[in-house]
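Scroll down for the structure; my scribbles are underneath it.
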Amino acid sequence: MLRFLLVRLLRALLTVLGCATLAFFVLRLSGDPLVALLPTDSPAELLERYRVLWGLDRPLPEQYLRYLLALARGDFGRSLVDGRDALGLVIERAGATLQLGGTVFALAILIGVPAGTVAALRRGRPSDYLTMSAAIFGYAMPNFFLGLLLILLFAMQLRLLPSSGYGTPAHLVMPAITLGTAVAAKLARFVRTSVLDVLGQPYVRTAHGKRLGSLAVIVRHVFPNAAIPVITFLGFELGLMIGGAVVTENVFGWPGIGQLLVVSVARRDLAVVQTVVMVIAVSVVSANLAVDLAYGWIDPRVRVAGGRHAG
Amino acid sequence: MPADLRLAARLALPARRPAPLVVLSAALFLGLVLLAAAGADLLAPHGFAEQHLDARLQPPWLAGGTTDYLLGTDTLGRDILSRILFGARTSILVAVGGTGFGFLLGTSLGFAAAHWRGWCEEAVMMLVDMQAALPTLVLALAVLAFLGNSLPLLILLVGLDGWERYARLTRGMVLSARESGYVLSMRIVGAPAWRIHLLHILPNIAGALIVQATLNFPHTILLEAALSFFGLGVQPPATSLGQMLGLGRAYLINAWWIAVFPGSVIFLTTLSMCLVGDWLRDRLDPTLAREPGAGRP
């Protein structure tokens with residue numbers, strides 16, 4: 001178990017390092033941030049002064065090493081726009097994103113798990129077709145389009161909800177529905193597949209054969225086994241959900257990390273973009289690591305195999 | 001179904017039942033979109049960048065407009081219908097190109113990982129982990145804003161979305177195919193590795209890969225649309241469906257048609273693709289649906 005843990009931990013660290021490297025080189029090679037930042041008619045000596053100030057005059061490998069050393073000390077650099085600590089800026093925005101993300105996750109689980117289970121248990125009946133049709137609609141709906149439709153209906157026609165902003169529960173409703181629909185739909189489809197898979201297993205037939213009531217079979221045998229792939233799926237889904245959150249936050253003016261990313265990208269604020277990328281990479285990698293560890297804990301076979309891509 | 005039936009043979013098997021009406025209409029709709037996009041030059045009543053400043057913000061025909069502009073016009077008096085036709089062409093071009101690129105990249109890396117094992121496999125799986133940890137949208141936003149955009153770059157970035165799924169799927173399937181009887185007997189008669197992989201394993205796993213591509217295609221369309229929505233995708237005067245939606249967002253109150261029509265086309269296209277993809281999956285590869293983490297649901 002210790003070996004399994006160490007291997008997973010090392011892989012996670014390497015992945016994060018890889019992401020940091022990728023972000024660093026892609027952003028450095030893609031143009032001079034000072035050109036975008038300073039007015040076009042700035043004198044050359046001013047440009048030069050800023051270049052020295054931000055360390056952009058050094059050779060690339062040196063910049064890279066400095067960046068990694070600073071990262072190791074927990075120093076993510078300063079915003080090129082207002083000189084504030086980049087990590088602090090990101091953390092300031094993290095609360096709003098976590099609030100949205102947590103609501104969406106809860107919403108998705110509350111809707112997706114029962115819907116998928118019912119569809120699987122009633123396979124081929126009208127309730128299965130109904131839930132799965134709803135799911136495919138939610139799955140195919142672009143979140144930015146759904147967001148605009150909701151604004152059109154609830155904010156402009158009915159005037160029930162604020163079209164953008166942050167603070168009250170009413171502000172949370174539309175972003176949560178926009179982002180939650182897709183996640184709940186995917187989850188419902190996945191839960192249905194997992195439950196159907198487990199229902200076909202010999203041990204479920206045995207349990208039925210032992211004349212256990214069908215509710216008991218579902219609770220004791222189907223759920224725990226179907227839960228394993230579903231947990232893995234939720235871990236994988238986090239990355240896609242963050243992508244969706246970037247769009248949703250911008251449609252609804254939600255002051256989270258996604259909005260910060262788009263604003264900083266437009267301003268070419270190198271340090272902040274890099275920090276956002278790192279924070280996202282670290283959260284996705286930790287989520288997957290946690291899923292892997294949970295998986296190894298639930299399913300002893302994974303531990304023995306050394307845990308290569310349990311999913 | 002025996003594992004070594006070729007894809008063509010599997011497709012030619014008589015269906016247990018004909019495709020449901022929903023799937024047929026979805027396929028029909030996709031065909032229509034493709035035709036409309038390909039024939040945009042002939043079909044469009046106006047040019048996509050043609051401005052009619054005297055006919056700004058005309059409502060659609062059935063909502064009080066004229067038959068000159070069936071789906072209305074935008075703030076510069078450009079015909080929405082014509083822009084949808086040309087925009088669909090760009091969106092489809094990017095999505096098809098991106099899917100093709102991701103498919104080739106992922107499949108080749110998956111084959112390489114399964115064939116050479118060792119450090120090559122480690123390196124590929126490392127890249128897969130990295131791709132999974134960095135949402136493509138985030139990466140693409142940063143790259144497009146800093147590198148400036150061009151159509152080829154956009155296609156490459158959109159293609160990055162999903163390559164890791166093909167790689168993971170290919171590696172798994174190649175590894176299990178290597179243990180099967182037909183590959184062992186090929187090896188015994190001395191067939192070279194490339195021949196076994198290209199001519200024997202690839203046709204056998206092609207079904208599952210095509211299903212994966214079908215299921216991934218909607219993601220690709222949505223990614224392009226999202227990037228263009230932020231104004232980082234296709235640049236004016238060229239247009240795409242996502243870009244139209246992004247521009248229409250500011251005029252929702254008094255001109256809903258600018259955003260709603262292109263949005264509906266995106267939605268119906270991805271929906272049709274999902275329906276066809278699901279049907280193909282059930283039809284071609286019944287085992288894929290049961291493999292957690294493989295075919296994305």
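The sequence lines fix the lettering, A, B, ..., with proteins before strands; numbering per chain opens at 1.
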- Item | Side chain, backbone, both or neither of S264(B) within contact of chain A (heavy atoms, under 4.5 Å) | both
- Query: Which atom names give the shortest non-hydrogen contact between A281(A) and L134(B), and what distance separates them?
  - Reply: CB-CD2, 4.2 Å
- Note on the structure: Per-residue tally against chain A (heavy atom, under 4.5 Å) across V260(B), T269(B), L232(B) peaks at V260(B)
- Task: Name the member of L14(A), V265(A), L261(A) that forms the most heavy-atom pairs with chain B at distances under 4.5 Å.
- Result: V265(A)
- Task: Sort F267(B) into side chain, backbone, both or neither according to what part of it lies under 4.5 angstrom from a heavy atom of chain A.
- Result: both
- Message: Quick check: closest heavy atoms across F230(B) and V247(A), and the distance to 0.1 Å?
- Response: CZ-CA, 3.8 Å
- Message: With a 4.5 angstrom heavy-atom cut-off, is it the side chain or the backbone of L268(B) that approaches chain A, or both, or neither?
- Response: neither
- Quick one: of V262(A), V285(A), N250(A), who has the most non-hydrogen atom pairs under 4.5 Å with chain B? N250(A)
- Message: Just checking Y251(B): does its OH atom have more than 12 heavy atoms from other residues, nucleotides or ligands closer to it than 6.0 angstrom?
- Response: no
- Check whether L238(A) gets within reach of chain B through its side chain, its backbone, both or neither, counting any heavy atom under 4.5 Å. neither
- Message: Please give me the minimum heavy-atom distance between R11(A) and D129(B), naming the atom from each residue.
- Response: CD-OD2, 3.4 Å
- Message: Can you give me the closest heavy-atom contact between P135(B) and G243(A), atom names plus distance?
- Response: CB-N, 4.2 Å
- Message: Just so I know, are the side chains of R189(A) and D278(B) near enough to count as touching, which here means a heavy-atom distance under 4.5 Å?
- Response: yes
- Task: For chain B, find which of L187(A), V251(A), I151(A) contributes the most heavy-atom pairs closer than 4.5 angstrom.
- Result: V251(A)
- How are the rings of F229(B) and F144(A) set to each other: parallel, tilted or perpendicular (split at 30° and 60°)? parallel
- Side chain, backbone, both or neither: which part of M156(A) has a non-hydrogen atom closer than 4.5 Å to chain B? side chain
- Note on the structure: Closest non-hydrogen atoms of L148(A) and A259(B), given as atom of the first, atom of the second and distance, are CD1-CB, 4.3 Å
- Message: Is V22(B) in contact with chain A via its backbone, its side chain, both, or neither, using a 4.5 Å heavy-atom distance?
- Response: neither
- Message: Please rank V273(A), I242(A), V246(A) by heavy-atom pairs under 4.5 Å with chain B and give me the top one.
- Response: V246(A)
- Picking from T270(B), L127(B), L275(B), which has the most non-hydrogen pairs under 4.5 angstrom with chain A? T270(B)
- Kindly give the heavy-atom pair with the smallest separation between A132(B) and V284(A), and that separation in Å. O-CG1, 3.6 Å
